[in-house]
There are 2 protein chains.
Amino acid sequence: MVTIADVARHAGVSSSTVSYVLSGKRAISEETRRRVRSSVQVLGYHPNAGARALAARRSHIIALMVPLRTDVYVPVMMEIAIAVTTAARQHGYDVLLITNDEGPDGVRRIAASGLADGLILMDVELDDERIPVLRAQGTQATLIGLADDARGVSCVDHDFVAAGALCADHLADLGHREIAFIGYGSGVYHRHAGYAERTLAGFRDRAGQRGLRFLHRTCEGTYESTAGTLARVLADRPGTTGFVVQNEGAIGPLLTLLRTSGRTVPEDVSVIALCQDQLAEQFAPRLTAVTGSAQELGRVAVEQIVGRLATSSDGGRPDDDRALLTPALTVRESTGPAPLLP
Amino acid sequence: MVTIADVARHAGVSSSTVSYVLSGKRAISEETRRRVRSSVQVLGYHPNAGARALAARRSHIIALMVPLRTDVYVPVMMEIAIAVTTAARQHGYDVLLITNDEGPDGVRRIAASGLADGLILMDVELDDERIPVLRAQGTQATLIGLADDARGVSCVDHDFVAAGALCADHLADLGHREIAFIGYGSGVYHRHAGYAERTLAGFRDRAGQRGLRFLHRTCEGTYESTAGTLARVLADRPGTTGFVVQNEGAIGPLLTLLRTSGRTVPEDVSVIALCQDQLAEQFAPRLTAVTGSAQELGRVAVEQIVGRLATSSDGGRPDDDRALLTPALTVRESTGPAPLLP
DNA sequence: TTGTAGGCGTTATCAA
DNA sequence: TTGATAACGCCTACAA
């Protein structure tokens with residue numbers, strides 16, 4: 001292993017000079033800097049992470065706590081995790097992956113051991129046990145999602161309320177009057193998953209303002225479940241001409257079932273999805289969709305935690321930021337003007 | 001921060017005793033062990049990770065390098081990542097997430113800094129640049145996937161050859177004689193992605209042995225692409241009664257298109273998928289599928305790397321293990337006896 | 001069975 | 001602008 005002392009010897013300077021060249025924390029003559037840099041290159045020196053963490057009292061690691069549960073749409077989680085990792089690297093941080101099932105103890109372990117300088121928590125519940133722990137330990141953290149009491153942490157999430165409203169507006173603009181909202185399975189709502197409840201609330205409010213009649217039905221995301229849901233919808237409201245789908249697994253079955261039942265999209269019924277663009281593009285017809293960027297979510301989360309870490313290590317008290325990312329509507333082939341009344 | 005010295009004082013012993021109680025590396029009287037354990041509890045002591053890594057010259061961290069690319073089916077990647085994380089914790093390791101785009105330099109950085117004790121590489125290419133780096137640095141590693149020259153590292157992967165053979169056997173057993181193999185996009189084969197090539201090879205060989213006629217067609221996994229692929233298949237081989245699909249995105253479209261074209265599954269044609277069981281269950285009819293366990297893959301990868309680390313820190317030269325996980329066939333509703341000749 | 005003490009590689013303070 | 005040097009917290013060989 002090549003150490004800072006090796007580099008110092010090779011460059012003919014003291015090890016502290018090497019350290020300062022690398023950290024940029026004090027003025028170094030051009031000549032010395034050059035020599036040191038070159039020695040670092042030649043010897044292939046990389047500072048020992050443990051020693052650095054010990055001396056500087058910062059590990060330059062951010063822990064990312066991901067859900068084990070898979071009722072969340074997994075590709076989105078992964079996209080966020082990768083965005084976090086990429087963004088973190090750009091700020092000089094590495095990312096430690098830990099799973100939700102470690103719970104509050106996991107948070108304690110990571111913080112108390114100094115393994116990570118801060119945490120990013122995914123799949124946050126409104127009343128999340130980990131948040132008090134963070135406050136108690138004075139650990140810097142960012143939540144992806146919203147919580148009831150988020151004092152002492154930062155938050156970032158998609159603006160699901162706006163996303164729901166966008167769906168209502170788009171269908172209303174096209175003249176639809178009877179809408180069905182196909183949501184996630186009932187378990188998701190019972191857990192009070194923020195994204196599901198807030199989307200629905202945003203849709204409901206805007207639908208009310210625009211004079212839409214609508215009903216909301218849960219759906220497990222399998223073919224059978226979707227078939228059952230659709231049958232009930234059409235029985236309860238035969239005049240339904242617009243569908244909002246917030247359930248990745250239900251999209252394919254829904255399109256198939258509509259076709260089977262003799263309804264053409266978008267001439268007879270319009271379908272708008274709340275899902276990734278990539279997924280929306282996969283169907284026929286390609287789906288009009290409301291989307292939030294997972295990449296952006298990860299990037300903002302990293303910026304928040306890095307900001308908190310910086311001000312806290314400068315002795316300051318970080319602001320509790322709250323960021324809501326604006327969703328975007330992309331109109332494709334699955335929505336069109338409401339059919340004329342028969 | 002509570003240190004080992006705090007615990008020692010609280011328990012009325014020396015800090016080395018605390019260390020030994022925690023590591024179990026020397027005999028400790030029952031009484032002392034009890035007192036130390038209780039002090040650890042009371043004070044909420046967690047060993048400082050940096051100090052530990054520095055002194056013991058092991059970080060107890062495994063780095064997991066994941067692909068940025070998303071033409072791999074993402075949920076599987078995530079499942080592996082989570083399985084790795086969970087399994088690693090059971091061996092006392094944490095997992096550092098790094099992305100493929102760091103390339104060989106990333107491997108160098110992680111190894112030279114001592115940030116991680118070993119690496120697990122996903123999405124390995126046959127001629128992967130990172131492998132020589134690993135050998136050069138003497139870094140312990142496990143590949144998920146196979147490489148041409150894997151000396152100095154361990155490997156684990158699904159037995160895709162066996163998976164392909166299982167598909168051929170199942171359809172042959174049911175009396176099918178003309179089969180179409182719907183694969184991934186051509187880019188995947190041009191990259192010589194092992195899983196794609198090996199599955200095809202396994203299928204081809206067994207198909208030959210069993211006297212099946214078959215053709216292989218690439219497919220991008222969109223609706224349009226699947227439609228084009230299917231049209232060509234049916235034009236080239238109107239007598240096709242069996243479909244093997246190794247492309248998650250093409251499954252839904254294929255089923256829809258078969259139905260649209262008046263073919264009933266499984267009475268007219270049989271469909272067998274190479275995909276996760278969870279996905280296979282989502283369609284109607286539920287799909288007969290050949291599956292490998294992502295969880296198992298992650299678990300074995302961790303066991304391999306932990307094993308390597310153990311023997312190497314004991315001064316030994318680790319074996320280069322090569323594990324192939326046997327896939328399983330689950331018969332569901334999408335395959336049945338070949339129709340009688342008209 | 002337990003304690004003492006040196007060292008792991010960096011950072012950062014204090015001098016020069 | 002640069003150099004010594006004392007922490008940082010833990011592990012482990014050596015002593016007792």
Side-chain angles (χ1 to χ4, degrees), chain A residues 1-37 39-40 43-61 92 109 111-117 313-315, chain B residues 1-37 39-40 43-61 92 109 111-117 313-315:
Chain A
M1 155 181 262
V2 29
T3 73
I4 200 171
D6 299 327
V7 177
R9 206 170 307 121
H10 187 271
V13 296
S14 74
S15 62
S16 62
T17 297
V18 175
S19 175
Y20 283 116
V21 167
L22 263 31
S23 71
K25 287 188 182 173
R26 86 173 171 196
I28 300 281
S29 74
E30 188 48 41
E31 163 60 11
T32 305
R33 192 189 348 251
R34 214 190 37 66
R35 278 221 314 288
V36 170
R37 289 249 170 82
S39 299
V40 166
L43 302 180
Y45 168 71
H46 289 266
N48 179 280
R52 188 147 88 112
L54 180 57
R57 321 177 125 258
R58 322 192 58 191
S59 64
H60 289 272
I61 290 178
R109 179 176 77 84
S113 67
L115 225 190
D117 298 329
S313 81
D314 289 355
Chain B
M1 157 179 259
V2 29
T3 72
I4 199 172
D6 297 328
V7 177
R9 207 170 307 123
H10 187 271
V13 296
S14 75
S15 61
S16 67
T17 298
V18 176
S19 176
Y20 282 119
V21 168
L22 263 30
S23 71
K25 288 189 181 175
R26 85 175 173 193
I28 300 282
S29 75
E30 187 48 41
E31 162 62 8
T32 305
R33 189 186 355 249
R34 214 190 37 66
R35 277 222 313 289
V36 169
R37 289 250 170 82
S39 299
V40 166
L43 301 180
Y45 169 70
H46 289 265
N48 178 280
R52 187 148 88 115
L54 180 57
R57 323 176 121 261
R58 324 192 55 192
S59 65
H60 289 273
I61 289 179
R109 179 177 76 85
S113 68
L115 225 189
D117 298 329
S313 81
D314 289 355

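Quick note on labels: first sequence line is chain A, next is B, and so on, each numbered from 1. We use all heavy atoms of the structure for the numbers below, so side chains are in, but hydrogens, waters and symmetry mates are not.
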task: Whole angstrom is fine here: how far is it from NZ in A/Lys25 over to C1' in D/dT2?
output: 18 Å

query: What does A/Arg57 touch in the nucleic acid at a heavy-atom separation under 4.0 angstrom: a base, only the sugar-phosphate, or nothing?
result: sugar-phosphate

query: Which part of the nucleic acid does B/Thr3 contact within heavy-atom distance under 4.0 Å: base, sugar-phosphate only, or nothing?
result: sugar-phosphate

field: Distance, rounded to the nearest Å, where B/Arg52 contributes CZ and D/dG9 contributes C1'
entry: 12 Å

- prompt: Between B/Ser29 and B/Thr32, do the side chains contain an N or O donor and an N or O acceptor separated by less than 3.5 Å?
  reply: yes

field: Ion pair check, A/Glu30 and A/Arg34, cut-off under 4.0 Å
entry: no

- prompt: Can you find a side chain N or O atom of A/Thr32 that sits less than 4.0 Å from OP1 or OP2 on D/dT2?
  reply: yes

- request: Rounded to the nearest angstrom, tell me the gap between atom NE2 in A/His60 and atom C1' in D/dC8.
  value: 14 Å

- request: Check whether any side-chain N or O of A/Arg26 sits under 3.5 Å from a backbone N or O of A/Tyr20 as a donor-acceptor pair, and report yes or no.
  value: no

- prompt: Could you give the CD1-to-C1' distance, from A/Ile28 to D/dG3, as a whole number of Å?
  reply: 11 Å

Earlier contact from the 5' end, DNA chain D, for A/Ser14 and B/Leu54: A/Ser14

task: Whole angstrom is fine here: how far is it from CD1 in A/Ile4 over to P in D/dC8?
output: 19 Å

field: Positional range of nucleotides in DNA chain C within the contact set of chain B, heavy-atom, under 4.0 Å
entry: C/dT1 to C/dG9

Whole-Å distance separating the CD atom of A/Glu30 from the P atom of D/dT2: 11 Å

- prompt: Judged by atom type as modelled, is there a donor-acceptor pair below 3.5 Å linking the side chain of B/Asp117 to the main-chain atoms of B/Arg58?
  reply: no

task: Check the distance between D/dA7's C1' and B/Met1's CE and give it to me in whole angstrom.
output: 14 Å

query: Of B/Thr17 and A/Val2, whose nearest nucleotide on DNA chain C comes first from the 5' end?
result: B/Thr17

task: Tell me yes or no: between the side chains of A/Ser113 and B/His46, is some donor less than 3.5 Å from an acceptor?
output: no

message: Main chain of B/Ile4, side chain of B/Ser15: is a donor-acceptor contact present, judged purely on distance under 3.5 Å?
response: no

- line: Heavy-atom nearest nucleotide on DNA chain D taken for B/Tyr45 and for A/Ser29; more 5' hit belongs to A/Ser29

task: Take atom CG of A/Leu115 and atom C1' of D/dC10, then tell me their distance rounded to the nearest Å.
output: 14 Å

- prompt: Does one side chain, of A/Thr17 or A/Ser14, offer a donor that lies under 3.5 Å from an acceptor on the other?
  reply: yes

